[in-house]
Amino acid sequence: MSASRLIGLIAGTGILLALGLFLYASSWHPRDRGYPIQGIDVSHHQGAIDWKRIKRQGVDFAYIKATEGADHRDRLFAANLKASAAAGIPRGAYHFFTLCRSGAEQAANFIAAVPRNRRLLPPVVDLEFGGNCAARPGRDALLKELNAFLARVEAHAGRHAILYLTREFEAAYAVSAAIDRPLWLRSLVTAPAYGARPWTLWQASNFRRLRGISGRVDWNVVAADCDFLARREACSGPRDRRRSPA
């Protein structure tokens with residue numbers, strides 16, 4: 001075999017392997033047997049969504065971005081909320097918490113955008129550094145504003161909110177140790193091993209692809225012992241939840 005043919009064979013094999021890995025990654029999710037309730041979180045970044053089509057691909061619930069900071073509202077929130085309801089998908093709203101506006105201002109923004117509806121899943125506050133402003137308040141200041149946000153939003157929703165936390169944000173502020181709320185933790189592929197208590201939701205992938213959504217979408221699972229959709233409330237459970245199989 002000539003050198004050029006060998007190089008071509010190696011290159012072709014590499015391309016096939018890369019394609020195979022891409023296809024596997026784009027369809028991977030934690031096992032249904034271990035986690036019977038699985039779903040997505042979306043914003044305007046996903047564009048127009050065919051909600052009826054994605055429901056047939058194992059989407060049991062959806063969290064939809066409603067607001068960010070004190071004055072931004074996701075331009076597709078209302079449309080996504082209506083269409084997901086029409087498709088029969090349980091859904092809830094989330095707010096991206098910015099570090100440079102007060103909790104009261106941000107709560108007012110969320111409350112104005114999200115209807116008071118007991119059919120909605122518990123509200124979520126998204127706490128992460130990615131995409132946030134440059135401000136880095138001290139822990140006491142952050143907790144004060146976050147508690148102000150939660151008090152208002154929970155009074156509006158009539159239930160406890162869920163804290164979405166990345167490992168980096170939790171390491172910086174130890175929010176879960178200070179505020180006793182259900183946790184939604186981000187840990188790609190492997191189950192989360194941080195936070196002050198067992199998680200209710202786990203964001204396992206940000207590279208899932210579904211027919212009916214253009215591009216990638218975040219994929220999440222509910223802890224196996226939490227009847228999240230029937231309760232419309234988050235759960236707490238055994239400490240060994242952190243080591244649940246993927």
Side-chain angles (χ1 to χ4, degrees), residues 41 43 63-74 77 92-114 116 120-188 190-204 206 218 220 222-223 226 228 232-239 241-242:
D41 61 272
S43 70
Y63 266 100
I64 303 166
K65 184 175 182 179
T67 51
E68 178 174 337
D71 47 27
H72 175 78
R73 297 185 186 177
D74 191 283
F77 172 66
Y94 77 88
H95 171 83
F96 186 93
F97 193 89
T98 181
L99 298 173
C100 49
R101 298 296 293 268
S102 76
E105 290 177 304
Q106 297 188 63
N109 188 27
F110 183 85
I111 290 168
V114 180
R116 179 181 283 134
L120 293 179
L121 297 173
V124 170
V125 54
D126 181 349
L127 299 163
E128 59 181 300
F129 290 128
N132 217 311
C133 61
R136 294 293 181 267
R139 182 171 184 259
D140 289 346
L142 178 278
L143 294 176
K144 177 182 177 182
E145 297 304 333
L146 181 54
N147 275 312
F149 174 88
L150 291 172
R152 291 163 173 80
V153 166
E154 290 175 346
H156 174 74
R159 68 192 77 186
H160 282 144
I162 297 172
L163 305 178
Y164 172 93
L165 288 162
T166 63
R167 187 186 302 273
E168 296 77 16
F169 201 97
E170 174 69 355
Y173 288 110
V175 172
S176 66
I179 299 179
D180 185 13
R181 296 293 188 281
L183 301 180
W184 180 355
L185 302 181
R186 181 181 186 269
S187 180
L188 302 184
T190 60
Y194 64 97
R197 61 192 155 276
W199 50 269
T200 289
L201 291 106
W202 162 30
Q203 187 180 93
N206 64 357
D218 294 338
N220 309 274
V222 176
C226 180
F228 183 53
R232 289 295 197 274
E233 291 278 1
C235 309
S236 59
R239 179 64 60 178
R241 179 184 295 170
R242 294 181 179 185

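Nearest heavy-atom pair across E145 and G103 is OE1-N, 2.8 Å. Listed here is the closest heavy atom pair of P182 and A161: CD-O, 3.4 Å. Contact detail for R136 and C133: the closest heavy-atom pair is NH1-O, 2.8 Å. Of all heavy-atom pairs between Q203 and D218, the closest is NE2-OD2, 3.5 Å. When all heavy atoms are compared, the tightest approach of S43 to K65 is CB-CB, 3.7 Å.
Residues F228 and P122 meet the side-chain proximity criterion, which asks for heavy atoms closer than 4.5 Å. With a 4.5 Å cut-off on side-chain heavy atoms, T166 and L127 do not count as touching. D126 has its side chain out of reach of W184: every pair of non-hydrogen atoms, C-beta onward, lies at least 4.5 Å apart. Between P123 and Y94, every side-chain heavy-atom pair lies at or beyond the 4.5 Å cut-off. Inter-residue side-chain proximity for D41 and V124 is flagged as unmet; no heavy-atom pair is nearer than 4.5 Å. Counting only heavy atoms from C-beta outward, the side chains of Y173 and L146 never approach each other to under 4.5 Å. By the 4.5 Å heavy-atom criterion applied to side chains, L143 and R139 are counted as neighbours. A heavy-atom distance below 4.5 Å is found between the side chains of E128 and Y164.
Checked by atom type and distance alone, the side chain of H156 never pairs as donor or acceptor with a backbone atom of A107 at under 3.5 Å.
Every residue two or more places apart in sequence or in another chain that forms a ring-ring contact (aromatic ring centres under 6.0 Å, His included) with F149 is listed here: H95, F97. Contacts of R73 classified as side-chain hydrogen bond (donor to acceptor under 3.5 Å, both in side chains), with partners at least two apart in sequence or in another chain: N109.
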Take R197 and D180, measure what salt bridge (charged side-chain N to carboxylate O under 4.0 Å, His left out) needs, and give me the verdict at the end. CA-CA 9 Å; R197 61 192 155 276; D180 185 13; 3.6 Å; yes

Carefully, step by step, assess S176 and L165 under the rule side chain to side chain contact (heavy atoms under 4.5 Å, CB included). CA-CA 9 Å; S176 66; L165 288 162; 4.2 Å; yes

The test is salt bridge (charged side-chain N to carboxylate O under 4.0 Å, His left out); show your working for E170 and R186 and say whether it passes. CA-CA 11 Å; E170 174 69 355; R186 181 181 186 269; over 6 Å; no

L142 vs L99, side chain to side chain contact (heavy atoms under 4.5 Å, CB included): CA-CA, chis, key distance, verdict: CA-CA 8 Å; L142 178 278; L99 298 173; 3.6 Å; yes

Run T67 and D74 through side chain to side chain contact (heavy atoms under 4.5 Å, CB included) and show every step you take. CA-CA 6 Å; T67 51; D74 191 283; over 6 Å; no

Would T200 and L183 count as a side chain to side chain contact (heavy atoms under 4.5 Å, CB included) if you check the C-alpha gap in whole Å, the side-chain angles of each, and the deciding distance to 0.1 Å? CA-CA 6 Å; T200 289; L183 301 180; over 6 Å; no

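Comment: R101 engages D71 in a salt bridge, judged by a side-chain N to carboxylate O separation of less than 4.0 angstrom.
The CH2 atom of W199 lies 8.5 Å from the CG atom of L185; values are rounded to the nearest 0.5 Å. Here H160 contributes atom NE2 and R181 contributes atom CZ; the two are 4.5 Å apart, rounded to the nearest 0.5 Å. Expressed to the nearest 0.5 Å, how far CD of Q106 lies from CZ of F96 amounts to 9.5 Å.
F129 and F169 have their aromatic ring centers within a separation under 6.0 angstrom.
Side-chain contact check for W202 and N220: no donor-acceptor pair (N or O, by modelled atom type) lies under 3.5 Å. Inspection of the E68 and T98 side chains reveals no N or O donor paired with an N or O acceptor under 3.5 Å.
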